[in-house]
Number of protein chains: 2
Amino acid sequence: MTNEQTILIVDDEAAIRDMIGIALDTAGFSSMTAETALEAHVNIVDRKPDLVLLDWMLPGGSGIELARRLKREELTADIPIIMLTAKTSEDNKVQGLDVGVDDYVTKPFSPRELVARIKAVLRRSTGNLRDKPIRVFDLELDPASHRVTLNDHAVDMGPTEYRLLNFFMTHPEKVFSRDHIQDQVWGANVYLEERTVDVHIGRLRKALTSASGPGINYSGLIQTVRGAGYRFSTRAD
Amino acid sequence: MTNEQTILIVDDEAAIRDMIGIALDTAGFSSMTAETALEAHVNIVDRKPDLVLLDWMLPGGSGIELARRLKREELTADIPIIMLTAKTSEDNKVQGLDVGVDDYVTKPFSPRELVARIKAVLRRSTGNLRDKPIRVFDLELDPASHRVTLNDHAVDMGPTEYRLLNFFMTHPEKVFSRDHIQDQVWGANVYLEERTVDVHIGRLRKALTSASGPGINYSGLIQTVRGAGYRFSTRAD
DNA sequence: GTAAAATGTCATGAAAATGTAATATTTCAT
DNA sequence: ATGAAATATTACATTTTCATGACATTTTAC
């Protein structure tokens with residue numbers, strides 16, 4: 001499947017994980033699972049799911065702790081979280097939403113309800129921030145259509161170069177080390193040669209160059225910072 | 001580098017401690033070791049390592065206990081912990097690990113994977129906070145973008161000159177001996193000719209001069225203190 | 001399945017940065 | 001003024017870092 005969204009299910013009961021997994025599968029999502037907060041955290045950092053279903057009542061009360069932590073760290077703060085809980089207490093809700101959790105589903109729930117909530121949250125979170133096109137001069141990256149255009153002409157590049165450019169355009173005027181770029185673009189704990197980043201930077205520059213007209217060359221936006229990494233900047237190098 | 005990061009290895013097997021120690025050394029970390037949870041705790045409080053590698057199978061199950069304790073105490077809660085676990089023998093016990101540990105690695109692991117995970121965790125925990133730009137008149141050094149500007153024009157300099165200027169701008173109005181500058185800019189355990197500092201001072205001054213307009217020359221901020229060293233000062237020499 | 005596209009690694013050469021030594025200049029006490 | 005000491009500047013060999021093209025392999029589209 002082309003662009004299936006991935007949901008991470010975090011629950012210590014296998015029966016619940018299976019049930020949810022089947023429901024998600026039916027609804028056209030792919031899913032992965034974790035039993036513990038630790039396992040979940042590693043999975044999230046490594047594989048960046050589109051949404052996390054998180055059981056409130058994980059052993060050791062670590063569900064809420066994990067949620068707080070995910071929202072605190074920049075790398076994971078954008079990933080929507082739906083909390084699952086058996087309790088209907090208002091306290092929990094307040095506490096959970098306070099942490100920045102996106103929604104809240106109480107057990108027992110129907111698969112249909114769960115799927116509906118998931119879709120709603122995904123729609124909301126992708127609709128707000130990530131769907132807005134980013135524009136720098138005549139260079140535009142449109143997440144909705146997954147397209148990059150320069151002077152309204154499509155810029156041809158591979159998926160990795162797209163993610164790279166997307167990361168740069170959403171984090172302008174900052175240096176990033178090759179390691180950091182790997183974390184953001186490839187996912188943490190993917191072991192690549194450091195130079196691989198260079199190669200993709202080169203490919204991105206080339207794509208921008210061949211799309212640039214005779215005027216300014218947009219590849220100049222991707223700047224090499226010797227000894228430090230790379231930087232996306234509109235200012236002269 | 002200015003601050004070499006220190007990793008504490010906590011494992012009861014000497015062979016594993018040695019192996020990890022060598023791997024870390026190769027990767028440019030310095031390391032210290034502890035055999036028992038008690039010894040580890042003393043080391044941590046005493047010497048504040050940047051990260052702890054903790055075997056959870058310490059005698060008496062004290063590895064988990066130590067992790068829990070470290071995360072509970074405010075003084076040590078911010079120190080990242082990576083758990084070393086044997087093969088997932090008893091999943092039930094693994095759940096007890098949900099104490100806020102940052103990552104885990106299952107034995108046997110490759111040194112490469114371990115180092116990559118350590119770097120990733122360190123990036124996540126320390127990379128978030130970034131320093132604010134420092135400005136002196138029209139000279140600005142911005143750590144986030146790793147850039148020096150003078151009247152909004154980029155000042156071109158090498159990495160060493162950047163570190164040098166960064167050190168001076170964060171420690172203005174004080175004289176520093178060449179030795180002290182070496183420690184701060186090159187690192188404590190690097191031996192250089194004393195005159196090397198002079199050369200880099202010269203390069204920094206030159207960079208500032210060629211970026212300065214016809215008005216005041218910013219290289220005057222880097223002042224020679226005969227017989228003592230150098231000083232960064234906004235006051236006339 | 002097959003062809004095209006994408007990906008990651010390596011080798012190579014170019015460019016930049018670095019540290020040292022040699023030489024030039026400045027400073028200061030006398 | 002003069003010479004010694006301290007610092008500045010220059011030149012250069014070496015090392016480090018980066019860009020790029022080639023290539024084998026994997027993934028994707030059809």
Taking side chain to side chain donor-acceptor pair (under 3.5 Å) as the definition, give me every residue that meets it alongside [X], ordered by chain and number, with sequence neighbours left out.
{"X": "B:Thr170", "result": "none"}
{"X": "B:Ser233", "result": "B:Glu173"}
{"X": "A:Asn166", "result": "none"}

Tell me, please, which residues at least two apart from B:Ser219 pass side chain to side chain contact (heavy atoms under 4.5 Å, CB included).
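B:Ser219 satisfies side chain to side chain contact (heavy atoms under 4.5 Å, CB included) with B:Arg205, B:Leu208, B:Thr209, B:Asn217 only.
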Let me have the donor-acceptor pairs involving side chains of residues 190-197 of chain B, under 3.5 Å, with sequence neighbours excluded, atom names and distances please.
residue	atom	partner	partner atom	Å
B:Arg195	NH1	B:Asp198	OD1	3.2
B:Arg195	NH1	B:Asp198	OD2	2.4
B:Thr196	OG1	B:Glu193	O	3.2

Using the test ring-ring contact (aromatic ring centres under 6.0 Å, His included), find all partners of B:His180 that sit at least two apart in sequence or belong to another chain.
B:Phe176
With ring pair (Phe, Tyr, Trp, His ring centres under 6.0 Å) as the rule and sequence neighbours excluded, what pairs involving residues 202-237 of chain A come up?
none
What is the distance, rounded to the nearest whole Å, between atom CD1 of B:Ile201 and atom P of D:dT10?
16 Å
Take atom CG of A:Asp156 and atom C1' of C:dA4, then tell me their distance rounded to the nearest Å.
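Checked: the CG to C1' distance equals 12 Å.
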Axis-to-axis angle between the two ends of the helix from C:dG1-D:dC30 to C:dT30-D:dA1 (five base pairs per end, rounded to 10 degrees):
40°
Please determine, for the side chain of A:Asp198, which listed nucleotide (D:dC18, C:dT18, D:dT7) has the closest atom?
D:dC18
What is the per-nucleotide protein-contact pattern of nucleotides 19-30 of chain C, from the 5' end, where B denotes a base atom under 4.0 Å from a protein heavy atom, S denotes such proximity for sugar-phosphate atoms only, and - denotes neither?
BBB-----BS--
